[in-house]
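These notes concern the structure reproduced below.
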Amino acid sequence: MADERTAELLDFSGLQARREHEVTDKVVASFDSAKDDRFREVMQALVRHAHAFVREARLTEDEWTAAIQFLTAAGHITTDTRQEFVLLSDVLGISMLTVAVNEPDLGDATESTVLGPFFVQDSPRIDLGGDIAHGASGEPSWVSGVVTDTDGNPVGGARIEVWEADDDGMYDVQYDDGTLAGRAHMLTDAEGHYQFWGLTPTPYPIPDDGPVGRLLGHAGRSPMRAPHLHFRVTAPGFHTLTTHIFVSGDPYLDTDSVFGVKQSLIRPFDRHEAGTPTPDGHRPEGTWTSASFDIVLRKE
């Protein structure tokens with residue numbers, strides 16, 4: 001009897017597997033007539049992998065309903081200034097995996113990392129040596145460097161977008177007053193140099209009052225991001241660079257909630273006592289920091 005029961009179970013298991021794969025095969029085939037080759041390739045890969053996930057996890061109907069409710073809640077909380085789906089992509093590591101696929105480290109240029117949900121087009125322009133804070137609170141920080149190509153030639157006129165959170169861990173777009181602060185753009189000089197005043201980066205939590213925050217809570221994961229300053233660098237004839245610099249020695253470097261830290265992007269932010277002269281000749285009343293970040297662009 002035991003052997004017969006085992007045989008019955010094996011027969012059922014094989015039949016069930018065939019039925020499940022038949023569903024996948026039909027859905028994959030439904031995209032065969034797509035006019036765009038790349039669309040067909042992506043959608044068929046998505047179906048195969050999504051169906052494989054359902055089979056591997058043996059997903060229940062209640063769990064699938066909960067997933068739909070989660071995605072619906074993510075849509076409801078998303079606004080022009082808060083993108084919950086970007087946060088979801090970030091905390092699942094999909095954003096960084098996409099960067100890894102599309103921006104391979106060839107060892108000759110500055111490494112890329114995630115864009116994040118708080119980039120804003122058309123930020124204010126400042127002169128070299130200007131202040132991006134525009135009233136945002138935090139410890140002043142002098143950041144400077146040079147932009148070159150992979151042969152060491154300076155890239156003059158490169159547009160450098162920079163943005164960061166204030167010392168309360170908030171970006172300007174998270175406030176309701178519409179003021180742009182903690183962000184600006186500048187152009188490198190003929191020798192590729194740039195410099196500006198910003199704020200010493202501090203750790204902060206990603207927005208965790210929505211469904212993504214609840215997901216992290218269930219997982220026992222921290223929402224904290226390692227302190228960083230965003231850069232987006234563009235120049236004619238060069239590949240656009242999206243990157244950060246991170247503060248060396250920070251305890252969140254190993255547990256960054258969006259997996260964005262790369263060793264090559266960690267920099268010391270040296271602290272200077274109040275009254276110490278700055279590179280541009282000022283003597284701040286409080287402490288300030290300085291960091292150097294040279295940027296290497298890869299030609300298109």
Side-chain angles (χ1 to χ4, degrees), residues 53 57 63 66-67 69-79 81-101 103 105 111-120 136-139 141 143 162-176 181-183 198-232 242-269 271 289 291 293:
F53 161 73
E63 289 166 343
Q69 292 171 342
F70 174 89
L71 294 174
T72 301
H76 286 164
I77 203 171
T78 294
T79 67
T81 58
R82 173 175 180 155
Q83 236 302 350
E84 195 76 1
F85 288 103
V86 172
L87 288 179
L88 179 60
S89 174
D90 289 348
V91 304
L92 294 180
I94 297 174
S95 298
M96 276 305 297
L97 181 57
T98 303
V99 170
V101 168
E103 309 288 345
D105 178 20
E111 288 194 274
S112 301
T113 187
V114 293
L115 176 67
F118 299 117
F119 174 71
V120 173
S137 61
E139 181 184 46
S141 183
V143 182
V162 287
W163 67 102
E164 62 179 325
D166 61 22
D167 63 355
D168 290 323
M170 297 281 283
Y171 287 83
D172 50 4
V173 295
Q174 293 178 279
Y175 293 104
D176 295 329
R183 73 174 71 240
L199 304 172
T200 305
T202 57
Y204 66 86
I206 63 170
D208 60 350
D209 57 341
V212 171
R214 292 193 292 274
L215 183 151
L216 292 179
H218 281 299
R221 284 175 50 188
S222 168
M224 297 299 293
R225 286 225 62 195
H228 59 277
L229 176 63
H230 293 264
F231 282 76
R232 188 172 176 85
T242 300
T243 194
H244 302 356
I245 50 174
F246 296 90
V247 180
S248 65
D250 188 84
Y252 290 108
L253 290 173
D254 294 331
T255 58
D256 183 57
S257 60
V258 308
F259 310 100
V261 178
K262 293 184 176 181
Q263 191 66 34
S264 68
L265 302 178
I266 299 173
R267 293 290 185 276
F269 278 71
R271 182 160 281 103
T289 63
F293 182 47

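In this structure, CG on Leu87 lies 10.5 Å from CG on Leu92, to the nearest 0.5 angstrom. The distance from the NE2 atom of His228 to the CG atom of Leu265 is 11.5 Å, given to the nearest 0.5 Å. Separation of atoms CD (Gln174) and CG (Asp166) is listed at 8.5 Å; rounding is to 0.5 Å.
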* Verdict with supporting geometry, Thr255 and Ser222, side chain to side chain donor-acceptor pair (under 3.5 Å) -> CA-CA 8 Å; Thr255 58; Ser222 168; 5.8 Å; no

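The shortest side-chain heavy-atom distance between Asp208 and Leu216 does not fall under the 4.5 Å cut-off. Considering only heavy atoms from C-beta on, Leu88 comes within 4.5 Å of Phe70 through its side chain.
For Arg232 against Leu115, the heavy-atom pair with the smallest separation is NH1-CD1, 3.9 Å. Heavy-atom minimum distance, Val261 versus Leu253: CG2-O, 3.6 Å. The nearest pair of heavy atoms linking Phe85 to Thr78 is CD1-OG1, 4.0 Å. Taking every heavy atom of both residues into account, Gly260 and Thr113 meet most closely at O-OG1, 2.8 Å. Closest of all the heavy-atom pairs between Ser257 and Arg221 is O-NH2, 3.0 Å. A pairwise comparison of heavy atoms in Glu84 and Ala74 identifies CB-O, 3.6 Å as the closest pair.
Checked by atom type and distance alone, the side chain of Asp250 pairs as donor or acceptor with a backbone atom of Tyr252 at under 3.5 Å. Within the 3.5 Å criterion, the main-chain N or O of Leu199 finds a donor-acceptor partner in the side chain of Glu164. A donor-acceptor pair under 3.5 Å is absent between the side-chain atoms of Arg183 and the main chain of Asp172, judged by distance alone. Of the possible polar contacts, one joining the Asp256 side chain to the Ala226 backbone as a donor-acceptor pair under 3.5 Å is found.
Each of Asp167, Ile245, Val247 was evaluated against Pro201; a single residue qualifies, Val247, per the side chain to side chain contact (heavy atoms under 4.5 Å, CB included) test. Considering Trp163, Phe293, Phe246 in turn, Trp163 is the only one that fulfils the ring pair (Phe, Tyr, Trp, His ring centres under 6.0 Å) rule with His230.
Using a 4.0 Å cut-off between a side-chain N of Lys or Arg and a carboxylate O of Asp or Glu, Arg225 and Asp90 do not qualify as a salt bridge.
The number of heavy-atom neighbours closer than 6.0 Å to CG of Asp254, taken from other residues, nucleotides and ligands shown, is 12 or below.
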